[in-house]
**Q** 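Quick one: this structure, given as structure tokens, is what I'll be asking you about.
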There are 2 protein chains.
Amino acid sequence: MSETKPAQPNANVDLLDDQLGYHLRRLSVKVMADLSDALEPQKLTPADASILFVIGANAGMTQSEVGKALGIFRANMAPLVGRLVKRGFIERRTIDGRSQALKLTAAGAAACRQAKAAVREHEDRLFGSLPAVAKRKLVKEIRALWQRDDVP
Amino acid sequence: MSETKPAQPNANVDLLDDQLGYHLRRLSVKVMADLSDALEPQKLTPADASILFVIGANAGMTQSEVGKALGIFRANMAPLVGRLVKRGFIERRTIDGRSQALKLTAAGAAACRQAKAAVREHEDRLFGSLPAVAKRKLVKEIRALWQRDDVP
DNA sequence: TATTGTTATACTCTATAACTATA
DNA sequence: TATAGTTATAGAGTATAACAATA
């Protein structure tokens with residue numbers, strides 16, 4: 001038997017309903033699922049796409065720097081970047097014996113552009129109903145909450 | 001070598017910085033990590049705790065109903081509930097040949113109370129700096145975004 | 001036929017430890 | 001000693017398919 005998506009809540013989730021963390025999680029899951037679908041035609045995961053975006057905007061960054069910018073551990077960057085190199089989207093240039101600068105190839109730049117279009121469409125599909133001002137305010141609030149370093 | 005948490009972004013993440021979905025994801029990851037730590041003393045995962053909360057507030061719900069309320073697939077509920085039954089936190093009562101009503105045992109109710117205290121403390125640690133009014137507004141906005149059913 | 005619970009399986013993402021080699 | 005990249009490994013969460021038992 002196949003199964004449809006878990007339905008809307010029709011039950012009392014008690015204390016959870018007042019929890020910002022709970023609702024952030026539920027929304028984030030929905031957003032990531034839609035984003036995965038949006039990138040599926042390109043066979044890119046959300047992590048793949050975010051790496052292309054960062055390298056595209058910062059040619060010459062090292063793998064570690066890209067990981068830091070995105071909150072991805074060094075150990076997890078290795079296979080992600082490795083796949084993108086193997087697919088011909090990223091080129092490595094040796095800086096010194098241990099560091100390598102990353103940049104997009106022509107194919108990578110094209111994939112990056114296409115992914116950006118898909119992401120914009122996805123973002124608009126999910127959040128297009130929000131007035132631009134309200135969305136910018138939300139972005140600012142959410143960003144401030146995760147970028148604070150006073151709470152680990 | 002051990003490794004510390006990926007640092008704050010100091011690089012241009014380009015289009016990502018305007019994306020609500022990106023910031024929701026970053027914040028959600030941070031929140032879930034802190035919540036996991038908060039529940040670790042009880043050896044409960046966030047999913048475990050959410051199940052205890054829902055059953056605690058809705059004694060007699062079936063496993064499927066709990067899953068629907070939380071957005072957890074039936075197939076994934078089985079091992080989650082199974083573990084909580086094995087630990088003596090949940091009791092099953094047969095409704096008919098295929099459904100079973102769930103309720104908390106005394107130990108489960110105690111664990112639920114303790115988890116609620118941990119969750120409140122965690123939520124306050126992360127979001128306590130927000131004025132109550134602002135937090136309620138955020139909760140309302142985020143909840144509305146994921147509960148909409150006009151966009152899959 | 002549809003529903004409940006289950007098992008098996010797969011993939012993404014996050015995370016830690018440990019290794020190599022370079023600096 | 002510290003850093004960059006890598007490998008191996010683990011765990012949580014999400015997801016699909018398929019099965020048995022039951023309604």
Side-chain angles (χ1 to χ4, degrees), chain A residues 1-7 22 25-37 39-40 43-51 61-68 70-86 90 92-102 152, chain B residues 1-7 22 25-37 39-40 43-51 61-68 70-86 90 92-102 152:
Chain A
M1 189 214 301
S2 85
E3 182 168 8
T4 57
K5 185 154 294 196
Y22 172 70
R25 170 69 171 160
R26 292 299 298 263
L27 179 55
S28 178
V29 167
K30 178 174 178 169
V31 170
M32 292 301 286
D34 189 84
L35 178 58
S36 293
D37 290 348
L39 295 170
E40 204 279 334
K43 300 299 174 198
L44 293 174
T45 66
D48 290 335
S50 69
I51 291 171
M61 277 185 93
T62 67
Q63 190 170 309
S64 292
E65 288 169 336
V66 175
K68 273 192 185 110
L70 292 171
I72 302 174
F73 280 98
R74 233 167 59 240
N76 299 327
M77 285 296 290
L80 286 169
V81 170
R83 273 208 319 271
L84 294 170
V85 168
K86 190 173 293 180
I90 295 180
R92 292 182 163 123
R93 179 177 57 78
T94 297
I95 294 181
D96 59 33
R98 40 180 195 182
S99 300
Q100 289 163 317
L102 303 179
Chain B
M1 190 215 300
S2 86
E3 183 168 8
T4 57
K5 185 155 294 195
Y22 172 69
R25 171 69 172 162
R26 293 298 299 262
L27 180 55
S28 178
V29 167
K30 177 174 179 170
V31 170
M32 292 301 286
D34 189 86
L35 179 57
S36 295
D37 290 346
L39 294 170
E40 204 279 334
K43 301 298 173 196
L44 292 175
T45 66
D48 290 335
S50 68
I51 291 171
M61 276 183 95
T62 68
Q63 189 170 309
S64 291
E65 287 169 337
V66 174
K68 275 192 184 110
L70 292 170
I72 301 173
F73 280 99
R74 233 169 58 242
N76 299 327
M77 285 295 291
L80 286 168
V81 170
R83 273 208 321 269
L84 293 170
V85 167
K86 190 173 291 181
I90 295 178
R92 293 182 163 122
R93 180 178 55 79
T94 297
I95 293 181
D96 59 34
R98 42 181 193 181
S99 300
Q100 288 163 317
L102 303 178

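Just so it is clear, the values below take in all heavy atoms, side chains as well, and ignore hydrogens, waters and symmetry mates. So that the names make sense, note that chain A is the first sequence line, chain B the second, and so on, each numbered from 1.
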**Q** Specify the separation, in whole Å, of atom CD1 of Ile95(A) and atom C1' of dA4(D).
**A**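 It is 10 Å, rounded to the nearest whole Å.
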**Q** Write down the distance between CZ (Arg92(A)) and C1' (dA4(D)), rounded to a whole number of angstrom.
**A**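 After rounding, the reported distance stands at 11 Å.
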**Q** With sequence neighbours left out, write down each residue that passes salt bridge (Lys or Arg N to Asp or Glu O under 4.0 Å) with Arg83(B), or none if nothing qualifies.
**A** Asp48(B)
**Q** In whole angstroms, how far is the P atom of dA18(C) from the CZ atom of Phe73(A)?
**A** 16 Å
**Q** Check nucleotides 7-9 of chain C for protein N or O atoms closer than 3.5 Å to its own N or O atoms and list the pairs.
**A**
none

**Q** Roughly, in whole Å, what's the span from CE in Met77(A) to P in dA8(D)?
**A** 19 Å
**Q** When you get a sec, tell me which of dC13(C), dA4(D), dG13(D) is the closest nucleotide to the side chain of Ala47(B)?
**A** dG13(D)
**Q** Could I get the full list of side chain to side chain contact (heavy atoms under 4.5 Å, CB included) partners for Lys86(B), not counting sequence neighbours?
**A** none
**Q** What is the distance from atom OG1 of Thr45(A) to atom CE of Met32(A), rounded to the nearest 0.5 Å?
**A** 8.0 Å
**Q** Starting at atom CE of Met32(A), determine the distance to atom P of dC11(C), rounded to an integer number of angstrom.
**A**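 Spelled out: CE on Met32(A) to P on dC11(C) is 17 Å.
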**Q** How do Gly97(A) and Asp48(A) order along DNA chain C: which one's closest nucleotide is nearer the 5' end?
**A**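 Closest to the 5' end, via its nearest nucleotide, is Asp48(A).
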**Q** Keeping the roles fixed (side chain from Ser99(A), backbone from Ile95(A)), state whether a donor-acceptor pair exists under 3.5 Å.
**A** no
**Q** What is the distance from CD of Gln100(B) to P of dT3(C), rounded to the nearest Å?
**A** 19 Å
**Q** Just N and O in the side chain of Thr45(B): are any of them under 4.0 Å from OP1 or OP2 of dG13(D)?
**A** yes
**Q** With respect to the side chain of Lys68(A), which nucleotide from dC13(C), dT16(C), dA4(D) is positioned closest?
**A** dA4(D)
**Q** Which is true for Val81(B) with a 4.0 Å heavy-atom rule: it touches a base, it touches only sugar-phosphate, or it touches nothing?
**A** nothing
**Q** Do side-chain atoms of Arg25(B) reach the backbone of Val29(A) as a donor and acceptor pair under 3.5 angstrom?
**A**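 No; judged by distance alone, with no hydrogens or angles, the pair does not exist.
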**Q** For the pair made of CD in Glu40(A) and P in dA10(C), what is the distance, rounded to whole Å?
**A** 18 Å
**Q** With hydrogens left out and only the distance checked, is there a donor-acceptor pair under 3.5 Å joining Arg98(B)'s side chain and the base of dT22(D)?
**A**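 Such a pair exists between side chain and base.
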**Q** Nearest whole Å is fine: how far is dA15(D) P from Leu35(A) CG?
**A** 13 Å
**Q** Using every non-hydrogen atom in the two residues, find where Gln63(B) and Met77(B) come nearest and quote the distance to one decimal.
**A**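 In terms of heavy atoms, the two residues are closest at O-CE, 3.6 Å.
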**Q** Side-chain N or O of Ser64(B) versus OP1/OP2 of dT3(C): is the shortest distance under 4.0 Å?
**A**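 For Ser64(B), the contact criterion (side-chain N or O under 4.0 Å from OP1 or OP2 of dT3(C)) is not met.
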**Q** side-chain contact (heavy atoms from CB on, under 4.5 Å) between Leu102(A) and Met61(A): does it pass, once the steps are laid out?
**A** CA-CA 6 Å; Leu102(A) 303 179; Met61(A) 277 185 93; 5.9 Å; no
**Q** Just to confirm, is there a sub-4.0 Å distance from OP1 or OP2 of dG13(D) to any side-chain nitrogen or oxygen of Arg26(A)?
**A**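 The answer is no; no side-chain N or O of Arg26(A) sits under 4.0 Å from OP1 or OP2.
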